There are 2 protein chains.
Amino acid sequence: MGLRELKKQRTRDLLLRSALELFAERGYEETTVDDIADAADVSQRTFFRYFASKEDAAFFVSRLAESRFVEAVRARPAGEAPLDALRLALVASWSTIGEAVEQLIPMELHLRFYRVIESTPALLAAHLRRATELEEEIARVIAAREGLDVDADPRPRVVVAVFGAVMRVTERIWSARDDAGLAALRDLTATYLDQVAPALTGDWRGPALAEGAGPTPQRSNET
Amino acid sequence: MGLRELKKQRTRDLLLRSALELFAERGYEETTVDDIADAADVSQRTFFRYFASKEDAAFFVSRLAESRFVEAVRARPAGEAPLDALRLALVASWSTIGEAVEQLIPMELHLRFYRVIESTPALLAAHLRRATELEEEIARVIAAREGLDVDADPRPRVVVAVFGAVMRVTERIWSARDDAGLAALRDLTATYLDQVAPALTGDWRGPALAEGAGPTPQRSNET
DNA sequence: TTGTCAACTGTCAGTGGCTGTCATTAGCCT
DNA sequence: AGGCTAATGACAGCCACTGACAGTTGACAA
């Protein structure tokens, strides 16, 4: 790799890290692109040569994680039921995603920024839009697995949408908690996914399975 | 009502109508706030005194519709299962929403603008964020119905999230079709809601119920 | 090594969304 | 009629973002 290439990568990395640190410290809206550029010792114009927008920088890490998850879904054996495949892909990609993130920035910073996303309307909106795009991509993967046409059969999009909805509820609850660590997110995800069937049943007198503000890890070590 | 009050209402109405018409005609991003203000013969500053943002004007009508839906959910008899209550509230509020919208702008314009939302990333993002806020509100209503605590029991948020997810998939598909009328949306909604259970089942060899690009109204007149 | 090309960067100017300020206008009330 | 106050317009300024142009620096061949 040439010197030029190396410098470029260093600049992008520095910009990314500076951006996320500033976002996590003082907030997204309170951080101007000029601030980020100054922190990385480049001009504002240069920032926009590396990132299409302020938002683009904010979701750079998420993009990586998402692509890993899609790969994991693709790698699932054909026999599994769609919803199982999604859940197992999530479990399987967990560590892979962790490594990929850590290659760019400390995981601690990523988690801290995740809470900024949830508490910043503009970022949350962008996050949700990106999530639906992801869902469309995954719906096509699921449809392909089952030999179906996404436009002819509603089910692929519906399962993926349901799965995604539960994931988002989980993220939301998790980010509002005090123990917003990786383990807590994994446990919460499992708990909420377990609630899909009970929640859709008319009979809510079934097991309530209280799992809320308190730190009540239900299941772990599923890797 | 005084003259002042009347003039204010007229101005807001004119601004709203001008905005939506311009959005529908030439696109959201292609329309500047100055354009809207000019069309309504006021200054740009005045536009921002009536609407907090360009986006705020875009979702003014949606806000009305959503509040009607929430009311409808609240009005559902306590005996119904949560998912049924949501679906029936939707059916029940259909006409009420229509009237409320028509009071502000022609329904045709509203439907046309709906497609602009889906095709404009910034608007779609805002729409999704607003949708999750709505879901939180409805989750609390559902929880109250069942005598549960939203933070202690995951199920209220999960059902609502699932319902919302299906609604959004429906909107998306609907807006991409040629016959994007009210009746088509109603039919599509019913079709997709019917697919929740089948989609979550592992067995996808069941009834495929092909309903896609083609104009294939499945059920109507459920009012 | 050196000269040339292409890539990278900084500077500057400009647009659009949005806000604060202040003077002016116009409805309201006595 | 005249004073009070809400509504408005005009102006200045911030921030995200973009296009244009010029200067700098790595890459590569002679």
Side-chain angles (χ1 to χ4, degrees), chain A residues 1-16 18-20 22-23 25-60 113 116-117 120-127 129-130, chain B residues 1-16 18-20 22-23 25-60 113 116-117 120-127 129-130:
Chain A
M1 182 192 298
L3 213 179
R4 188 124 93 193
E5 207 65 21
L6 196 140
K7 266 194 174 179
K8 253 186 7 181
Q9 191 154 339
R10 223 193 294 263
T11 304
R12 158 148 56 235
D13 202 67
L14 185 55
L15 274 171
L16 180 62
S18 304
L20 293 179
L22 285 170
F23 292 162
E25 266 173 46
R26 94 173 74 145
Y28 180 75
E29 319 246 325
E30 289 69 31
T31 304
T32 70
V33 175
D34 283 313
D35 291 336
I36 302 169
D38 286 349
D41 284 313
V42 295
S43 71
Q44 190 222 47
R45 196 66 183 84
T46 293
F47 172 91
F48 283 110
R49 288 198 177 97
Y50 282 94
F51 301 100
S53 63
K54 190 173 153 184
E55 186 188 297
D56 184 50
F59 289 108
F60 194 87
F113 178 62
V116 176
I117 294 178
T120 307
L123 278 182
L124 181 57
H127 175 60
R129 181 176 51 79
R130 292 170 40 71
Chain B
M1 181 192 299
L3 214 178
R4 190 130 84 191
E5 208 62 22
L6 196 141
K7 266 196 173 178
K8 253 188 4 184
Q9 191 155 339
R10 223 193 293 264
T11 304
R12 157 149 56 234
D13 202 66
L14 186 54
L15 274 170
L16 181 63
S18 304
L20 293 179
L22 286 170
F23 292 162
E25 266 172 46
R26 92 173 74 145
Y28 180 75
E29 319 245 313
E30 289 70 31
T31 304
T32 70
V33 174
D34 283 313
D35 291 337
I36 302 169
D38 287 350
D41 285 313
V42 295
S43 70
Q44 190 225 46
R45 196 64 184 85
T46 294
F47 172 91
F48 283 109
R49 285 202 253 264
Y50 281 95
F51 302 100
S53 64
K54 191 172 152 184
E55 187 188 296
D56 184 50
F59 289 107
F60 194 87
F113 178 62
V116 176
I117 294 178
T120 307
L123 279 182
L124 181 56
H127 176 59
R129 181 176 52 80
R130 292 170 39 71

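Since the model is a prediction, treat every value here as computed from it, not as a measurement. Numbered from 1 within each chain, the chains take letters A, B, ... in sequence-line order.
Counting heavy atoms from C-beta outward, A:Phe113 and A:Leu123 have side chains that approach closer than 4.5 Å.
Each of D:dG26, C:dC18, C:dG27 was ranked by its minimum atom distance to the side chain of A:Lys7; first place goes to D:dG26. For B:Val33, whose side chain is taken as the heavy atoms from C-beta onward, the closest listed nucleotide among D:dA27, C:dC8, C:dG17 is C:dG17. Side-chain atoms of A:Arg49 lie closest to D:dA20 of the nucleotides D:dA20, C:dG17, C:dC8.
When heavy atoms are screened at a 4.0 angstrom cut-off, B:Ser43 is found touching base atoms of the nucleic acid. Residue B:Tyr50 is classed as a sugar-phosphate contact, given heavy-atom separations below 4.0 Å to backbone atoms only.
When the side-chain nitrogen and oxygen atoms of B:Lys54 are compared with OP1 and OP2 of C:dC18, none of them lie within a distance under 4.0 Å. Between B:Lys8 and D:dA6 there is no side-chain N or O to OP1 or OP2 distance below 4.0 Å.
A straight line from CG of A:Leu14 to C1' of C:dT9 spans 15 Å, rounded to a whole angstrom. As a whole-Å value, the separation of A:Phe51 CZ from D:dA16 C1' is 16 Å. To the nearest angstrom, P of C:dG17 lies 7 Å from CG of B:Asp34. As a whole-Å value, the separation of B:Arg45 CZ from D:dG9 P is 11 Å. At whole-Å resolution of the value, CD in A:Gln44 and C1' in C:dT11 are 11 Å apart. Counting to the nearest Å, the P atom of D:dG13 and the CZ atom of B:Phe48 are 19 Å from each other. Between the CD atom of A:Gln9 and the C1' atom of C:dC8 there is a distance of 16 Å, given to the nearest Å. Rounded to whole Å, the distance from CG on B:Asp56 to P on C:dT19 is 10 Å.
Taking 4.0 Å as the cut-off between side-chain N and carboxylate O, A:Glu55 and A:Arg130 do not count as a salt-bridged pair.
Taking all atoms of both residues into account, the shortest heavy-atom contact from A:Leu22 to A:Thr31 is O-OG1, 3.5 Å.
Heavy-atom contacts from other residues, nucleotides or ligands closer than 6.0 Å to CD of A:Glu30 number more than 12.
Where B:Thr32 and B:Glu5 each meet DNA chain C at their nearest nucleotide, the meeting point lying more 5' is that of B:Thr32. Projected onto DNA chain D by closest heavy-atom contact, B:Phe47 and B:Arg4 fall at different nucleotides, the more 5' of which corresponds to B:Arg4.
Looking at A:Asp35 and A:Thr32, their side chains do bring a donor and an acceptor atom within 3.5 Å of each other.
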